[in-house]
Protein chains: 2
Amino acid sequence: MYPSITKHIRDHIHTTAPAIHLFNSVLNEISVKKGAFLLKPGTFVKHEYFVVKGCLKAYYIDNKGHRHIIQFAVENWWIGDFDAFYNQGSSNIYIEAIEDAQLLSINYNSLQKIYAEAPVFERYFRILITSAFIAQRKRILSAQEKNTQERYLEFCNSYPNIEDRVPNYDIANYLGVTPENLSRVRKKLNLS
Amino acid sequence: MYPSITKHIRDHIHTTAPAIHLFNSVLNEISVKKGAFLLKPGTFVKHEYFVVKGCLKAYYIDNKGHRHIIQFAVENWWIGDFDAFYNQGSSNIYIEAIEDAQLLSINYNSLQKIYAEAPVFERYFRILITSAFIAQRKRILSAQEKNTQERYLEFCNSYPNIEDRVPNYDIANYLGVTPENLSRVRKKLNLS
DNA sequence: TATCCTAATTGATTTAGGTCAATACCATTG
DNA sequence: CAATGGTATTGACCTAAATCAATTAGGATA
């Protein structure tokens with residue numbers, strides 16, 4: 001039994017001890033050193049990951065050769081190549097540890113088995129995805145209605161734990177601006 | 001029994017006739033005239049809507065007074081204020097018919113009842129939200145890596161049915177650019 | 001057909017942010 | 001402590017798109 005994920009489940013759904021036990025029983029522990037990769041493009045995606053400790057980033061390289069950060073993840077976040085996992089295909093993305101990280105992995109087939117035996121976990125993931133969906137929509141609208149400074153402040157506000165664990169050039173990348181621009185914004189914020 | 005939504009369900013999950021019957025039994029038919037509103041800010045959100053016929057847009061006004069289109073919906077799309085529905089709160093958005101529209105509505109409590117009686121519908125909505133989540137992520141990345149012309153072409157490609165049913169200024173708004181800019185892009189595309 | 005009215009286009013100008021290049025910072029390691 | 005390598009900052013310049021303003025096009029209605 002892994003306390004962090006057990007708490008996370010209990011925070012989102014009401015369920016029975018045996019169901020939680022079943023869920024825990026299919027998880028595997030994984031460690032990733034800072035700078036190492038949990039996933040690279042081309043790999044067939046069999047797992048999703050729950051972060052027990054540490055910080056990671058998910059990104060991909062577009063066909064102009066530019067890197068785009070899709071997501072950061074810290075403690076109690078799920079991370080993975082959602083698209084490839086869900087459609088059972090090969091990954092297009094990198095997932096790299098920004099700090100030494102401990103993770104729990106769940107296998108696709110195990111998850112299908114759990115959905116069959118304990119359908120309440122359909123609800124668990126439906127709820128998580130719904131929250132992620134709503135958060136993501138906010139990211140789209142934020143990019144449209146706000147300038148760099150406003151978005152940076154919003155980012156620091158939304159992810160207070162992440163801000164000082166991630167280099168500025170990664171934050172800039174996530175916000176879709178250049179590190180130079182973010183640097184200027186930060187300078188202006190210090191003065192005012 | 002409503003054939004379009006029944007087909008939509010069957011296209012996404014395997015389930016029994018009674019379950020589908022149950023689902024159909026809680027739906028209500030709604031009509032909205034072109035230019036009329038299905039939802040306005042401040043309304044408590046009790047329903048999500050499935051489009052049987054017609055075309056609608058969902059948008060909101062930010063605190064600078066600017067309008068932002070969140071989503072278009074045509075036949076066989078679900079639309080609503082997902083955030084407010086899911087958290088059972090008041091809406092922040094407008095949903096307006098671009099063409100006369102026929103919809104099916106599902107009530108929040110009915111949906112909870114269905115989740116309890118036919119948990120396979122947790123799966124149905126989990127799958128829909130997962131697809132929407134992935135599509136939305138593409139929208140974020142597309143906005144970061146592509147210029148207006150590329151995004152416009154992508155839009156026409158992804159929504160071939162929508163493109164000529166929606167005014168250009170709405171498309172521009174959805175893409176997060178001005179109508180003037182989109183007009184110039186379109187002109188350049190006609191020449192080349 | 002004339003008259004609205006809205007949408008689309010075009011032109012002139014401004015601006016936020018990008019690009020390129022140089023320099024400063026700072027933690028690690030030999 | 002010096003040297004190294006990654007990160008952040010600063011400066012000069014450029015560009016895509018926004019803004020503001022005017023004009024044109026195209027449907028609907030009387």
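Within every chain, numbering begins at 1; the chains are lettered A, B, ... in the order of the sequence lines, protein sequences first and strands thereafter. These figures come from a predicted structure and were not determined experimentally.
- Below 30°, between 30° and 60°, or above 60°: for His12(A) and His8(A) the angle between ring planes is between 30° and 60°, a tilted geometry.
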Tell me, with the steps shown, if Tyr94(A) and Tyr59(A) meet ring-ring contact (aromatic ring centres under 6.0 Å, His included). CA-CA 5 Å; Tyr94(A) 297 85; Tyr59(A) 60 90; 5.1 Å; yes
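- Tyr174(B) meets the ring-ring contact (aromatic ring centres under 6.0 Å, His included) test with Phe72(B), Phe155(B); sequence neighbours excluded.
- In the set dT9(D), dT7(D), dG17(C), the nucleotide with an atom closest to the side chain of Pro167(A) is dT7(D).
- Counting non-hydrogen atoms under 4.0 angstrom, Gly176(B) reaches the backbone sugars and phosphates but no base.
- At whole-Å resolution of the value, CG in Asn173(A) and C1' in dA8(D) are 16 Å apart.
- Distance alone, capped at 3.5 Å, places no donor-acceptor pair between the Arg123(A) side chain and the Glu122(B) backbone.
- Between Trp78(B) and Phe50(B), the ring-plane angle classifies as perpendicular under the 30° and 60° cut-offs.
- Side-chain atoms of Tyr169(B) lie closest to dA7(C) of the nucleotides dA7(C), dA17(D), dT7(D).
- Atom-to-atom, NZ of Lys34(A) to C1' of dA27(C) comes out at 10 Å; the value is rounded to the nearest Å.
- When the nearest nucleotides of DNA chain C are assigned to Ser183(B) and Leu182(A) by heavy-atom distance, the more 5′-ward of the two goes with Ser183(B).
- Nucleotide dG18(C) holds its C1' atom 14 Å from the CG atom of Asn147(B), rounded to whole Å.
- The nearest whole Å value for the distance from the OH atom in Tyr152(A) to the C1' atom in dA16(C) is 19 Å.
- Atom CG of Asn190(A) is separated from atom C1' of dT10(D) by 15 Å (rounded to the nearest Å).
- Taking Ile, Leu, Val, Met, Phe, Trp and Tyr as hydrophobic and joining them when side-chain heavy atoms fall under 4.5 Å apart, one finds Ile140(B) in a cluster with Ile140(A).
- End-to-end axis angle for the helix from dT1(C)-dA30(D) to dG30(C)-dC1(D), using five pairs per end and rounding to 10°, comes out at 30°.
- Between Trp77(B) and Tyr159(B), the ring planes are tilted. Angles from 30° to 60° get that label.
- Closest approach to the Glu180(A) side chain among dA21(C), dG18(C), dA17(D) is made by dA21(C) (side chain taken as heavy atoms from C-beta onward).
- For Arg186(A) and dA8(D), the shortest distance from a side-chain N or O to OP1 or OP2 is not below 4.0 Å.
- Checking the phosphate oxygens (OP1, OP2) of dA7(C), no side-chain nitrogen or oxygen of Asn168(B) falls inside 4.0 Å.
- Atom pair Leu175(A):CG and dG18(C):P shows a separation of 11 Å (rounding to whole Å applied).
- In this structure, Lys188(A) places its NZ atom 15 Å from P of dT9(D), rounding to the nearest Å.
- Of all heavy-atom pairs spanning Ile93(A) and Gly80(A), the tightest one is CD1-O, 4.0 Å.
- Computed from coordinates, the Lys187(A) NZ to dA24(C) P distance equals 13 Å when rounded to whole Å.
- Within the 4.0 Å cut-off from OP1 or OP2 of dA17(D), not a single side-chain nitrogen or oxygen of Thr178(B) is found.
- Distances were taken from every side-chain heavy atom of Thr148(B) (C-beta onward) to each of dA17(D), dT10(C), dG18(C); the shortest belongs to dA17(D).
- For Asn181(B), the listed nucleotide lying nearest its side chain is dA18(D); candidates were dT9(C), dT10(D), dA18(D).
- Checking dA18(D), dG11(C), dG18(C) against every side-chain atom of Val177(A), the shortest atom distance belongs to dG18(C).
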